[in-house]
Trainee: 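Please find one structure pasted underneath; my questions will follow.
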Amino acid sequence: MRLEEAIKARAHELGFLACGITHPGPSVYADYLDDWLAKGYAGTMRYLHRQAARRREPQRIAPEAHSVVVVLDNYFTADTEGSTVGPRIARYARGEDYHRVTGERLGLLGEFLRSSGAQFSRAYADAGPVPERELAQRAGLGWIGKNTMLVRPEAGSYFFIGSVFTDLRLQADLPFELDRCGTCTRCIDACPTEAIVAPRMLDATRCISYLTIEQKGPIAENLAENFQGYTFGCDICNDVCPWNQRFATETEIPEFKPRTTFDGLGPDLFENMSEEEFATRFGDTPLERAGLDGMRRNFKAAFRSSATAKFE
Ligand code: B12
Ligand code: SF4
Ligand code: SF4
């Protein structure tokens, strides 16, 4: 078996949905990134400005690397009756912390590369200066949809992207060149805060995901009233995508099975909770990023919005 095939077989064995190989050469979309940053769409995510030089030239992330192995990790879990009426939590955040869960299996993939002759391997999953969507598209794994998600034919977009930079000189896959969105605009039309300002251009400062996870402090009332019951993250522009409606399948990764559910819980859930209890219940979940104060704020916004919204 060729080494590239053996790597993909190992990725499959580790539970990844798909695996592709690319090179760490310069970004083709560096101007797009610069324009996006200049428009202020990153809001308070200052780290995206600091990381821009490495995103433009992924070779700078790891000068030793000749190849990048990119994987997709399915996190889809179906809704229950309760999870669609609020308080709602985005699917990606219902299980254990994906940085650790995906990261551990990426580490094992890195070990396989080393046992195959690599002197260097370094894994990234979300936490790092890696232009993950672009590298995944370049590795042939899917296209960038109008909602900015990497979408994969016959899979959809409910997956995390992980990568391993390595000094192995691997044969790269062909990039995914087709745009399979066609004339569809469902995601743009469905976004309740009008955050997708043009195809593939997201004003993060209007996105529920940013507002409930990344932004500190109060949320503007005109945006909060459109949260459609979301308390953490948002799935709307993924849920309406025909590729997800047709192809999303339940994850087989046990740690991504729902652990956090707010089904039927009232607006006071976090009000009287101590920091200790929050840490015990949500310490190893994505909710840790918002923290207790953030979740108190988010619950208020979500319940206000659910008084006015009609959910799909
Ligand atoms: C910052 C960030 C956010 C911000 C901003 C999102 C955004 N669209 O930029 C916020 C907080 C809003 C966010 C929300 C979410 N995020 Co986020 N986020 C990131 C992060 C850390 C950086 C993204 C970034 O650099 N944005 C800046 C823009 C300019 O870059 P970009 O989106 O990567 O776009 C590149 C390409 O699209 C390319 N490009 C532009 N035009 C075109 C055109 C064509 C034809 C092609 C091929 C390429 C192309 O140029 C850009 C620069 O390389 C990445 C992890 C990472 N290291 O990349 C995760 C990441 C993108 N997020 C992820 C997820 C899961 C989400 C949410 C679904 C979570 C949720 N349920 O709430 C939402 C989805 C919202 C949405 N529609 O994007 C996943 C996406 C997986 C996927 N299938 O695409 C990632 C990759 C994390 C991971 N490792 O899995 N996120
Ligand atoms: S995640 Fe929600 S708020 Fe953000 S762009 Fe998608 S639909 Fe809009
Ligand atoms: S909803 Fe339509 S336009 Fe949006 S990403 Fe999916 S196919 Fe593309």
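Both ligands and their constituent atoms are indexed starting at 1 by order of listing. All heavy atoms count here, side chains included; hydrogens, waters and symmetry mates do not.
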Trainee: Does Glu194, at its CD atom, have more than 12 non-hydrogen atoms belonging to other residues, nucleotides or ligands within less than 6.0 Å?
Mentor: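 Not more than 12 within 6.0 Å, no.
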
Trainee: I want to confirm something. Looking only at heavy atoms, which of Tyr32, Trp143, Phe176, Tyr47 is nearest to atom 40 (C) of ligand 1?
Mentor: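 The option holding the nearest heavy atom is Tyr32.
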
Trainee: Side chain, backbone, both or neither: which part of Leu48 comes within less than 4.0 Å of ligand 1 when only heavy atoms are counted?
Mentor: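 Side chain only.
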
Trainee: Give me the nearest non-hydrogen protein atom to atom 67 (C) of ligand 1 as residue plus atom name, then the distance to 0.1 Å.
Mentor: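 Answer for atom 67 (C) of ligand 1: Ser209 OG, 4.6 Å.
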
Trainee: Please identify which atoms of ligand 3 are closer than 4.0 Å to at least one heavy atom of Cys241.
Mentor: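 Selected atoms, number and element: 1 (S), 6 (Fe), 7 (S).
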
Trainee: Can you list the ligand 3 atoms lying under 4.0 Å from a non-hydrogen atom of Asn147?
Mentor: 5 (S)

Trainee: Would you check whether Gln137 has a nitrogen or oxygen atom less than 3.5 angstrom from a nitrogen or oxygen atom of ligand 1?
Mentor: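 No, since none of the N or O atoms of Gln137 sits under 3.5 Å from an N or O of ligand 1.
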
Trainee: Please check whether Glu214 reaches ligand 1 - meaning an N/O of the residue sits under 3.5 Å from an N/O of the ligand, judged on distance alone.
Mentor: no

Trainee: Is Arg94 paired with Asp79 through a side-chain N to carboxylate O contact shorter than 4.0 Å?
Mentor: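 A salt bridge links Asp79 with Arg94.
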
Trainee: List the closest protein heavy-atom neighbour of atom 90 (O) of ligand 1: residue, atom name, distance to the nearest 0.1 Å.
Mentor: Ile161 N, 2.9 Å

Trainee: With a heavy-atom distance limit of 4.0 Å, tell me whether Ser209 approaches ligand 2 through its side chain, its backbone, both, or neither.
Mentor: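 Contact part for Ser209 vs ligand 2: neither.
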
Trainee: Of all the atoms in Cys187, is at least one N, O or S atom closer to atom 4 (Fe) of ligand 3 than 2.8 Å?
Mentor: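 Coordinating: yes.
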
Trainee: Quick test: of every protein heavy atom, which one is nearest to atom 26 (N) of ligand 1, and how far off is it to 0.1 Å?
Mentor: Trp36 CH2, 4.0 Å

Trainee: Between Phe270 and Phe282, what is the ring plane arrangement, given parallel below 30°, perpendicular above 60°, and tilted in between?
Mentor: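 Tilted.
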
Trainee: Using the side chain to side chain contact (heavy atoms under 4.5 Å, CB included) rule, pick out the option among Glu250, Glu96, Glu252 that qualifies with Lys257.
Mentor: Glu250

Trainee: Looking only at protein heavy atoms, which one is nearest to atom 56 (C) of ligand 1, and what is the separation?
Mentor: Glu132 OE1, 3.3 Å

Trainee: Heavy-atom contacts under 4.0 Å between Thr193 and ligand 2: side chain, backbone, both, or neither?
Mentor: side chain

Trainee: Any N/O/S atom from Cys184 (main chain or side chain) under 2.8 Å of atom 2 (Fe) of ligand 3?
Mentor: yes

Trainee: State the atoms of ligand 3, each with its element, that fall below the 4.0 Å cut-off from a heavy-atom position in Trp243.
Mentor: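 The atoms of ligand 3 under 4.0 Å from a heavy atom of Trp243 are 7 (S).
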
Trainee: Give me the nearest non-hydrogen protein atom to atom 53 (O) of ligand 1 as residue plus atom name, then the distance to 0.1 Å.
Mentor: Glu134 OE1, 2.8 Å

Trainee: Among all protein non-hydrogen atoms, which one is nearest to atom 36 (C) of ligand 1, and what is the separation to 0.1 Å?
Mentor: Ile144 CD1, 4.1 Å

Trainee: Report the nearest protein non-hydrogen atom to atom 19 (C) of ligand 1: residue, atom name, distance rounded to 0.1 Å.
Mentor: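 Answer for atom 19 (C) of ligand 1: Asp126 OD1, 4.7 Å.
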
Trainee: Which heavy atom of the protein is the closest neighbour of atom 58 (O) of ligand 1, given with residue, atom name and distance?
Mentor: Val130 O, 3.2 Å

Trainee: Which is it for Asp235 and ligand 1 at heavy atoms under 4.0 Å: side chain, backbone, both or neither?
Mentor: side chain

Trainee: What part of Met149, side chain, backbone, both or neither, has a heavy atom within less than 4.0 angstrom of ligand 1?
Mentor: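 Both backbone and side chain.
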
Trainee: Charged N to carboxylate O below 4.0 Å: is that the case for Lys300 and Glu271?
Mentor: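 Counted as a salt bridge, because a side-chain N and a carboxylate O are separated by less than 4.0 Å.
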
Trainee: Kindly confirm or rule out a cation-pi arrangement of Arg91 over Tyr158, judged by NZ or CZ under 6.0 Å from the six-membered ring centre and within 45° of its axis?
Mentor: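 Positive - Arg91 is close enough to the ring of Tyr158 and near enough to its axis.
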
Trainee: Angle between ring planes, Tyr75 versus Phe160, binned at 30° and 60°: parallel, tilted or perpendicular?
Mentor: tilted

